[in-house]
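Remarks on the structure that follows.
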Amino acid sequence: MSEETKALESMIGEEYKYGFTTDVEYEDFPKGISENIIRELSSRKDEPEWMLEFRLKSYNAWLEMKEPEWFNATYTKPDFENLLYYSAPKNKPKLDSLDDVDPNIKETYDKLGIPLEEQKMLAGVAVDAIFDSVSIFTSFKEKLAEAGVIFCSISEAIKEHPDLVKKYIGSVIPARDNYYAALNSAVFSDGSFCYIPKNTVCPMELSTYFRINNMESGQFERTLIIAEEGASVSYLEGCTAPMYDENQLHAAVVELVAMDHADIKYSTIQNWYSGDENGKGGIYNFVTKRGICKGDHSKISWTQLETGSAVTLKYPSVILQGDHSIGEFYSVAVTTKKQQADTGTKMIHLGKNTRSTIISKGISAGDSNNSYRGEVKIGKKAIGSKNYSVCDSMLIGQTCGAHTFPYISSENASSSVEHEATTSRVGEEQIFYLMQRGISEQDAISMIINGFVKDVLKELPLEFAVEANKLLDIKLEGSVG
Amino acid sequence: MLEIRNLHAVVEGEELKILKGVNLTVNKGEIHAIMGPNGSGKSTLSKVVSGHPEYEVTEGTILFDGKDITEMDADERAHLGLFLAFQYPVEVPGITNKTLLREAYNTIARANEREELDPLEFEDYLVSKLDIIDMKDEFLNRSINTGFSGGEKKKNEIFQMAVLNPRLSFLDETDSGLDIDALKVVSGGVNKISSPENAIVMITHYQRLLNYIKPDFVHVMMNGKIVKSGDISLAEELEANGYDHMQKELA
Ligand SMILES: Nc1ncnc2c1ncn2[C@@H]1O[C@H](COP(=O)(O)OP(=O)(O)OP(=O)(O)O)[C@@H](O)[C@H]1O
Ligand SMILES: [Mg+2]
């Protein structure tokens, strides 16, 4: 191995900075999954009957399903009997008062760079903070309410806005959709709910910050975003977890619904703990995300920066039902050490003149394995539709892998699908070239990586672009030597 | 300025010697030309001098202004004023020429405690250098060498040299791949950059280049060594008789 490769390898070994644990007392809850557990969960959350029914139906569906095995990753299957399906800090506050939040938890968010006090927050960003299974606090609720925007935890929405939740939950991702979606539908504990009324531009960025703290708990959050006719919203989720030797399961479901001329932009900065150099510990990130462009001229855009987790299986997708609707997927997936990621998207074109764009950038280093899996399907009635996909992989070092699995099918001749894929290696020659011009090795690598991902990162909301760059720096550059 | 003493080098981790005792002294204000058959080690010499990590110096020293730089990292050597115009310039997608040059210029300025230029000042400075080799400004905003034609890449190297204003430049076969007109323009540019304060080492196969850029010294490299040095008449002799003849003569 040459000097440069060695330097690269050492850089990507940078410590995970969010791996600390918060000392909190938890409410008691038995381990394992059963009908009784689900009833108990539902009753602790004070849920209406229809919600319990939804859960039980999902649970029964799940029992009949098998864990998927078609992806390009190997891992020890989670032991569902040994998981904690509900984990809430004991002195859970009333959601509106920050004073009641456990000071330890408040401090946790401070340490993570997400202060919960509104005056300390990024201007123009409302945050729903989810700690293990429950939403701790949602900021700027009143300000949003003035615009008619509902932004609260899903638990609260189930109680306060049952008609909306009932109408849309499971409408984009039915419980039977897949194994982990079924499990989530049965046991989801909390998550965020956003509703943007007709012709309303949401006045702030909405964001949810997920933190898994409890070692034994699985995190099953559920997010539902509805943009009515002519509404628009930009939403961001961030995630971190402490470092534990055990794998932890995170199986979320995110559903987006966009009506006529509505516009939803959903961004993710995922930085769950990814395990150590030997592949011990880390999060299993098995997430189902899907949006439906229900209305004509609607638009759904997924942007993701995936840097964490031991294993990621995730395919944020768009169903383009409305005519002239637009689906976008911009992704940077970074894997280092022993991480495995199988991620991509599905664009299902049903309406006329629908458009989808996929830009996927995979960076693999160490012994990691990074796969892109993308499906573009153009239906019979989707006349005049177009897809454009670019899928680039960059390899750092000799022992990592990058794979591309495109699935394309088109049922009408008036539509077009364009797919480009490249694989490159961060060349030692490139690094030497930049160094010969006077640039340090660390800056050279940083410039090359940033050049590679900039088409995707520019899609992130401005407020988070800086954070994303920092995260990439920590993940890949760190300090040399 | 540059003093190479008995330089031996191998490919990192391998046995085979590529450089087998090179001696070369370059003073400021001088222009040198190195000629020699394919595979004789000319490019390797230029890379070893500029600190390519692929090669390991097994014997000998490289002195720059009397300072031993044999083990120095490539970027630090660049800060001292060393520049290499590559025989095969590398494509770096995603980084524009302009970004590279601003980073490079300011990093070198910082290292030498000179004033950095802000983006607007730098833009003016950059544009002022375009004329030297008749470079179109659209190249500034393109990714480094990406999709450039062979000749454009070579031209871009000299443009970078003009911008960074190095004290010692190795030009590795800059003439190969340039059309007749471009060769004139680029040579003219090199002559403009050349000054009593800096020095240039050109590697070339063709005497033609030497008609445009007049060297003070010509060296012949064979089998990892400089085997003969002289003035421009040495190049004429080579052009007339070839390397074979010289080898026999030397033997
Ligand atoms: N990284 C390397 N790995 C293996 N062999 C190498 C390496 N670099 C150089 N060599 C070998 O060293 C010798 C000298 O190569 P070099 O590129 O310096 O020649 P050159 O004189 O520049 O030739 P040309 O005139 O063709 O450009 C060649 O035989 C080449 O194959
Ligand atoms: Mg050469």
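Since the model is a prediction, treat every value here as computed from it, not as a measurement. Throughout, protein chains are lettered first and strands after them, A, B, ... in sequence-line order, and every chain is numbered starting at 1.
- The heavy-atom pair separating A:Q430 from B:V92 by the smallest distance is NE2-CA, 3.9 Å.
- Distance CG/A:D443 to OG1/B:T107: 6.5 Å, rounded to 0.5 Å.
- A:E428 is not listed as a side-chain neighbour of B:E54, based on a closest heavy-atom distance of 4.5 Å or more.
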Trace of the salt bridge (Lys or Arg N to Asp or Glu O under 4.0 Å) decision for A:E429 with B:K47: CA-CA 11 Å; A:E429 288 304 321; B:K47 288 193 227 172; 5.0 Å; no
Residue pair B:V90, A:L434: steps toward the side-chain contact (heavy atoms from CB on, under 4.5 Å) verdict: CA-CA 9 Å; B:V90 186; A:L434 299 183; over 6 Å; no
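- Taken from OG1 in B:T96 to CE in A:M447, the straight-line distance is 7.5 Å, to the nearest 0.5 Å.
- For B:E115, the CD atom is loosely surrounded, since the number of other residues' heavy atoms within 6.0 Å does not exceed 12.
- Contact annotation for B:E76: neither backbone nor side-chain heavy atoms come within less than 4.5 Å of a heavy atom of chain A.
- In this structure, the separation between OH on A:Y433 and NE2 on B:H52 is 13.0 Å, given to the nearest 0.5 Å.
- Summarising the local packing, CD of B:E15 is surrounded by 12 or fewer heavy atoms from other residues, nucleotides or ligands at distances under 6.0 Å.
- Here the CG atom belonging to A:N450 is positioned 8.5 Å from the CD1 atom belonging to B:I95, to the nearest 0.5 angstrom.
- Per-residue counts of heavy-atom pairs under 4.5 Å with chain A were compared for B:N106, B:L164, B:I108, B:L100; the largest is that of B:L100.
- For B:I144, the part lying under 4.5 angstrom from a heavy atom of chain A is the side chain only.
- Ring centroids of B:F86 and A:F432 are separated by less than 6.0 Å, placing the two rings close together.
- Within the 3.5 Å criterion, the main-chain N or O of B:L84 finds a donor-acceptor partner in the side chain of A:Q436.
- Within a 6.0 Å radius of NZ in B:K129, more than 12 heavy atoms belonging to other residues, nucleotides or ligands are found.
- Note that NE2 of B:H79 and OG of A:S440 are 7.5 Å apart. Values are rounded to the nearest 0.5 Å.
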